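These notes are about the structure you will find just below.
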Amino acid sequence: METKNTPTVYWSLLKFKDWKFYIASTSKGLCYVGSQSKPFEELCEWAKKHFPKSPLIEDGEKLEPYAVEITQYLERKRKTFTVPFDYNGTAFQLAVWNALCEIPYGQTKSYSDIADYINKPAAVRAVGAAIGANPVLITVPCHRVVGKNGSLTGYRGGLEMKTLLLDLERQASSSNE
């Protein structure tokens, strides 16, 4: 039974072409987007840490609105997301995640750009940690953050997934010009 402190976490496996990852939501919104081709255990570990008393129930129908928007993104038909989110973090993490959503599709920013954007220019390492804690990959576009010199740096989904997402956005942006 769902209560305020123990919401049910619904999950589904999203498959689209070569993409395969787990997504999860509560009744409030999308709370998790997993890493490309990672096992179900990654979702289970995340849920145990962030929703320790919540049941984890497979329900593709409940995840359909989220799967549709993510699939549209992967098809290069969507640049922003309108689905609700249900993620929790510190005030600092939330500020960073909100800043990530301001990075335009097909563009990148550095960690120091994000630190400057949230008025914490000395907190570049903390920005990196907050980005690494982002529970909803793709939809909160942490893949758009790169090193100051433009190099690809850490990504919870792995550098291969980050590269694929950035290439997808570049291709979509160049075909729209």
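Model, not experiment: these values are computed from the prediction.
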- Task: Begin with the C-alpha distance, continue with both residues' side-chain angles, and end with the deciding distance and a verdict on side chain to side chain contact (heavy atoms under 4.5 Å, CB included) for Phe81 and Ile70.
- Result: CA-CA 8 Å; Phe81 294 90; Ile70 294 169; 4.1 Å; yes
Does any non-hydrogen side-chain atom of Lys38 lie less than 4.5 Å from one of Phe21?
no
Sorted by chain and number, sequence neighbours left out, salt bridge (Lys or Arg N to Asp or Glu O under 4.0 Å) with Lys49 holds for none
| said: Applying a strict under-4.5 Å side-chain criterion to I, L, V, M, F, W and Y, I'd like to know whether Val68 and Val33 cluster together. | reply: no
Salt bridge (Lys or Arg N to Asp or Glu O under 4.0 Å) filter on Arg156, not counting sequence neighbours, yields none
- Would you call the rings of His143 and Tyr155 parallel, tilted or perpendicular if under 30° counts as parallel and over 60° as perpendicular? perpendicular
So side chain to side chain donor-acceptor pair (under 3.5 Å) across residues 84-100, not counting sequence neighbours, yields Thr26-Asp86
In short, side chain to side chain donor-acceptor pair (under 3.5 Å) pairs touching residues 63-72 with sequence neighbours left out are Glu69-Thr82, Gln72-Arg78
- Query: If we only count heavy atoms from C-beta on, is the Leu13 to Lys20 side-chain gap below 4.5 Å?
  - Reply: yes
message: Do Lys120 and Phe92 make a side-chain contact, defined as non-hydrogen atoms from C-beta onward lying under 4.5 Å apart?
response: yes
Asn119 meets the side-chain hydrogen bond (donor to acceptor under 3.5 Å, both in side chains) criterion, sequence neighbours left out, with none
Of all heavy-atom pairs linking Ser54 and Val9, the shortest is CB-CG2, 4.0 Å
Residues Ile114 and Lys109: closest non-hydrogen pair is CD1-CB, 4.2 Å
Contacts of Ala67 meeting side-chain contact (heavy atoms from CB on, under 4.5 Å) (sequence neighbours excluded), chain-then-number -> Leu14, Ile23
Side-chain atoms of residues 123-138: list all donor-acceptor pairs with protein atoms under 3.5 Å, sequence neighbours left out, distances to 0.1 Å.
from: Asn134; atom 1: OD1; to: Val136; atom 2: N; distance (Å): 3.0
from: Asn134; atom 1: ND2; to: Val140; atom 2: O; distance (Å): 2.9

Grouping I, L, V, M, F, W and Y whenever their side-chain heavy atoms are under 4.5 Å apart, do Phe85 and Leu94 come out in a common cluster?
yes
Sequence neighbours excluded, the answer for side-chain hydrogen bond (donor to acceptor under 3.5 Å, both in side chains) partners of Thr153 is Tyr111
To the nearest 0.5 Å, atom CD of Glu169 lies from atom CG of Asp167 at 10.0 Å
**Asked** Are Gln107 and Arg144 close enough that a side-chain donor and a side-chain acceptor fall under 3.5 Å?
**Response** no
Trp46 meets the side-chain hydrogen bond (donor to acceptor under 3.5 Å, both in side chains) criterion, sequence neighbours left out, with His50
Closest non-hydrogen contact found for Lys162 with Leu152 is CE-CD2, 4.3 Å
So, for Tyr32 and Tyr22, is the gap between ring centers shorter than 6.0 Å? no
N/O donor to acceptor pairs below 3.5 angstrom from side-chain atoms of residues 55-63, sequence neighbours left out:
from: Asp59; atom 1: OD1; to: Glu61; atom 2: N; distance (Å): 3.1
from: Asp59; atom 1: OD1; to: Lys62; atom 2: N; distance (Å): 3.0

Taking every heavy atom of Val146 against every heavy atom of Ser151, the minimum-distance pair comes out as CB-O, 3.4 Å
Q. How about Ser112 and Pro121: do any of their side-chain heavy atoms sit closer than 4.5 Å?
A. no
Those residues at least two apart in sequence (or on a different chain) that pass salt bridge (Lys or Arg N to Asp or Glu O under 4.0 Å) with Glu42 are none
Correct closest heavy-atom pair for Ala95 and Ile118 would be O-CG2, 3.6 Å
Any donor-acceptor pair under 3.5 Å linking the side chain of Lys28 with the backbone of Pro7? no
Contacts of Thr108 meeting side-chain hydrogen bond (donor to acceptor under 3.5 Å, both in side chains) (sequence neighbours excluded), chain-then-number -> none
To the nearest 0.5 Å, atom NZ of Lys148 lies from atom OG of Ser110 at 6.0 Å
Rounded to the nearest 0.5 angstrom, the OH-SG distance for Tyr10 and Cys31 is 11.0 Å
Query - Minimum side-chain heavy-atom gap Glu160-Gln36 below 4.5 Å - result: no
